[in-house]
**Q** 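Take a look at this one; I'll ask things after.
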2 protein chains.
Amino acid sequence: MTRAAPNPARRIREDIESRIHSGEWRPGTRIPIEQELAARYGCARATVSKALAELVAAGLVERRRKAGSFVAHPPVHSAVMTVPDLAELIAARGEAYRWEARAVVRRKNAGEADTLQIDGIHFAADEPFALESRTIELAEVPAAAEANFAVEAPGTWLLAHIPWTSARHVVRAIAATRAEAAALATNSGAACLQLERDTWRGDRPVTHVRQLFRGDRFDLVAEFQAGTGKRDPG
Amino acid sequence: MTRAAPNPARRIREDIESRIHSGEWRPGTRIPIEQELAARYGCARATVSKALAELVAAGLVERRRKAGSFVAHPPVHSAVMTVPDLAELIAARGEAYRWEARAVVRRKNAGEADTLQIDGIHFAADEPFALESRTIELAEVPAAAEANFAVEAPGTWLLAHIPWTSARHVVRAIAATRAEAAALATNSGAACLQLERDTWRGDRPVTHVRQLFRGDRFDLVAEFQAGTGKRDPG
DNA sequence: CTTCATATTATGTCTAGACATAATGGCCCA
DNA sequence: TGGGCCATTATGTCTAGACATAATATGAAG
């Protein structure tokens with residue numbers, strides 16, 4: 001058997017990538033068929049296929065049976081948003097972080113499982129940074145009943161204790177109510193960024209949060225990196 | 001050669017996925033070694049490896065040489081945000097879409113390449129939906145000089161003509177200025193969602209946009225889907 | 001008792017060949 | 001001319017085996 005070159009798949013991927021990035025192969029361009037690529041790079045078709053599969057995962061390429069592989073049209077409208085853990089975010093800024101709980105209430109729901117309702121404020125350098133209002137489903141996270149949310153912010157606690165989740169975030173600009181404005185040390189009607197997050201484990205709800213930030217103190221960043229193929233789970 | 005079951009890789013992936021989702025295998029848990037999984041599922045090791053590779057791509061699993069494969073810790077703080085093409089978004093709502101350009105100016109920059117400055121308004125059902133202010137680098141997109149941005153929104157045009165990009169979005173809540181409020185048919189100081197996007201081709205800037213939405217008419221959604229492995233570029 | 005070399009182990013990658021599947025494009029028939 | 005069937009073709013998936021690589025564990029030497 002012919003011995004393999006060190007990294008054919010990688011070479012193929014990077015070659016195609018650079019052709020796409022350079023504009024030589026524009027969106028919609030048909031990529032040579034796998035057989036031909038295999039011949040050109042001197043490797044097995046499975047290797048070409050793997051390289052193409054990675055490019056598909058990166059969003060650079062689309063493949064259709066019989067039709068062939070094509071340079072994908074740029075999905076400019078999707079990007080990875082980093083939703084901060086507030087304790088981390090503020091610590092990273094070098095400011096003192098503090099969490100102050102205003103209310104921790106266990107709600108008994110007739111027939112259904114109980115929920116925990118937690119309201120509080122995140123402080124950065126002793127100034128109010130975000131209002132938080134959270135509901136935790138005790139059926140999914142029974143251990144939450146024992147946690148002391150007067151001391152630790154529930155988001156931080158949950159991150160460390162929940163097995164796995166999927167989540168949906170909704171970002172919206174709203175005007176602060178009088179009460180919210182007071183809590184955030186701003187004026188009534190001020191523009192605020194509201195982040196709502198629903199979290200599930202499988203298909204069962206785990207927690208719902210609403211976080212409210214002063215518009216002049218916080219913004220969200222989302223990045224779209226075409227085809228780097230980077231996986232950096234940190 | 002033993003014939004393969006219809007979809008072993010998929011079966012393996014879904015099985016492991018469900019164990020992770022159910023909490024049976026918690027974050028950090030070691031997944032059985034590939035040999036054992038291959039034996040258990042009655043398939044080749046390469047197939048197990050492929051299934052695991054997909055789970056890694058989905059962020060559910062981490063693999064380390066010699067050490068083994070492990071259930072990853074949930075990266076709850078990242079989610080995929082879908083940034084809409086406004087023409088599409090509004091059409092999808094079943095409302096009439098209209099773009100109105102207010103100014104299209106070519107700026108000559110001494111020594112450097114020219115830029116195109118475009119300001120306009122997106123309308124949904126004849127009501128102002130978003131203000132847009134955009135700069136296009138003509139050095140990167142010379143064809144833009146010929147486009148008629150009085151008729152077609154530049155975002156839509158660019159989507160169809162730019163080879164490939166990476167992008168950075170910043171989302172912020174701001175109060176509308178008097179002029180912005182007037183253009184958006186709301187009142188001065190109203191909470192608005194501002195989306196700024198810088199787009200590059202390779203490392204060279206292509207375009208910068210600032211879009212302003214009325215807070216009560218628009219929100220952004222970001223999803224974090226653990227391990228569905230869904231690729232839906234459509 | 002520590003340190004370094006080495007064997008072991010589990011993942012990483014590749015090959016050559018086989019069969020599956022779906023979409024296209026042309027052919028045949030009405 | 002129009003519509004439906006079918007062969008072709010390119011991707012999709014899998015197998016069994018081989019070698020590469022990195023990290024750990026072990027054992028030997030100082």
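Residue numbers start from 1 in every chain, and the chains themselves are labelled A, B, ... in the order their sequence lines are given, proteins ahead of strands.
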**Q** If you measure from the Lys or Arg side-chain nitrogens to the Asp or Glu carboxylate oxygens, is any gap between B:Arg19 and B:Asp15 under 4.0 Å?
**A** yes
**Q** Whole-Å distance between C:dT11 C1' and B:Glu62 CD?
**A** 14 Å
**Q** Under 4.0 Å, heavy atoms only, any strand: does A:Ala9 hit a base, just the sugar-phosphate, or nothing?
**A** sugar-phosphate
**Q** Please determine whether a side-chain nitrogen of the Lys or Arg among B:Glu100 and B:Arg98 lies less than 4.0 Å from a carboxylate oxygen of the Asp or Glu.
**A**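 So B:Glu100 pairs with B:Arg98 through a salt bridge.
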**Q** Taking for each residue the nucleotide of DNA chain D bearing the nearest heavy atom, is the 5' side occupied by B:Lys50 or by B:Arg45?
**A** B:Lys50
**Q** Starting from P on D:dG17, measure out to CD on B:Gln35 and report it in whole angstrom.
**A**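 My rounded result for the distance is 11 Å.
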**Q** Counting only heavy atoms not in A:Arg40, do more than 12 sit closer than 6.0 Å to its CZ atom?
**A**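 Yes, enclosed.
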**Q** Using a 4.0 Å heavy-atom cut-off, does A:Ala67 contact any base of the nucleic acid, only the sugar-phosphate backbone, or nothing at all?
**A** nothing
**Q** Separation of B:Glu36 atom CD from C:dT9 atom P, in whole Å?
**A**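 Checked: the CD to P distance equals 15 Å.
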**Q** Can you identify which nucleotide, out of D:dA22, D:dT15, C:dT13, has its nearest atom closest to the B:Ala44 side chain?
**A** D:dT15
**Q** Specify the separation, in whole Å, of atom CD1 of B:Ile12 and atom P of D:dT13.
**A** 13 Å
**Q** Tell me whether the OP1 or OP2 atom of C:dG12 has a side-chain N or O from B:Arg63 closer than 4.0 Å.
**A** yes
**Q** Quick check for you: among D:dG12, C:dA16, D:dT21, whose closest atom lies nearest to any side-chain atom of B:Arg65?
**A**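 When the side chain of B:Arg65 is considered, D:dT21 is the closest of D:dG12, C:dA16, D:dT21.
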**Q** Is the phosphate of C:dT11, meaning OP1 or OP2, less than 4.0 Å from a side-chain N or O of B:Ser69?
**A** yes
**Q** Looking at every non-hydrogen atom in both residues, tell me the closest pair between A:Leu37 and A:Pro32 and how far apart they are.
**A** CD1-O, 3.5 Å
**Q** Rounded to whole angstroms, how far apart are CZ on A:Arg10 and P on D:dT21?
**A**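 Those two atoms, CZ and P, are 13 Å apart.
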**Q** What nucleotide among C:dT15, C:dC14, D:dT24 has an atom nearest to a side-chain atom of B:Lys66?
**A**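 The closest nucleotide is D:dT24.
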**Q** Given atom CD of A:Glu34 and atom C1' of C:dT15, what is their separation to the nearest angstrom?
**A** 15 Å
**Q** Rounded to the nearest angstrom, tell me the gap between atom CZ in A:Arg13 and atom P in C:dG12.
**A**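 Result: 14 Å.
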**Q** Closest nucleotide of DNA chain C for B:Arg64 versus for A:Val48: which of these residues is on the 5' side?
**A**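 The residue mapped nearer the 5' terminus is B:Arg64.
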**Q** Distance check needed: C:dA10 P versus B:Phe70 CZ, whole Å only.
**A**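 From B:Phe70 CZ to C:dA10 P: 11 Å.
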**Q** Please determine whether a side-chain nitrogen of the Lys or Arg among B:Glu196 and B:Arg210 lies less than 4.0 Å from a carboxylate oxygen of the Asp or Glu.
**A**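 Salt bridge flag = no for B:Arg210 with B:Glu196.
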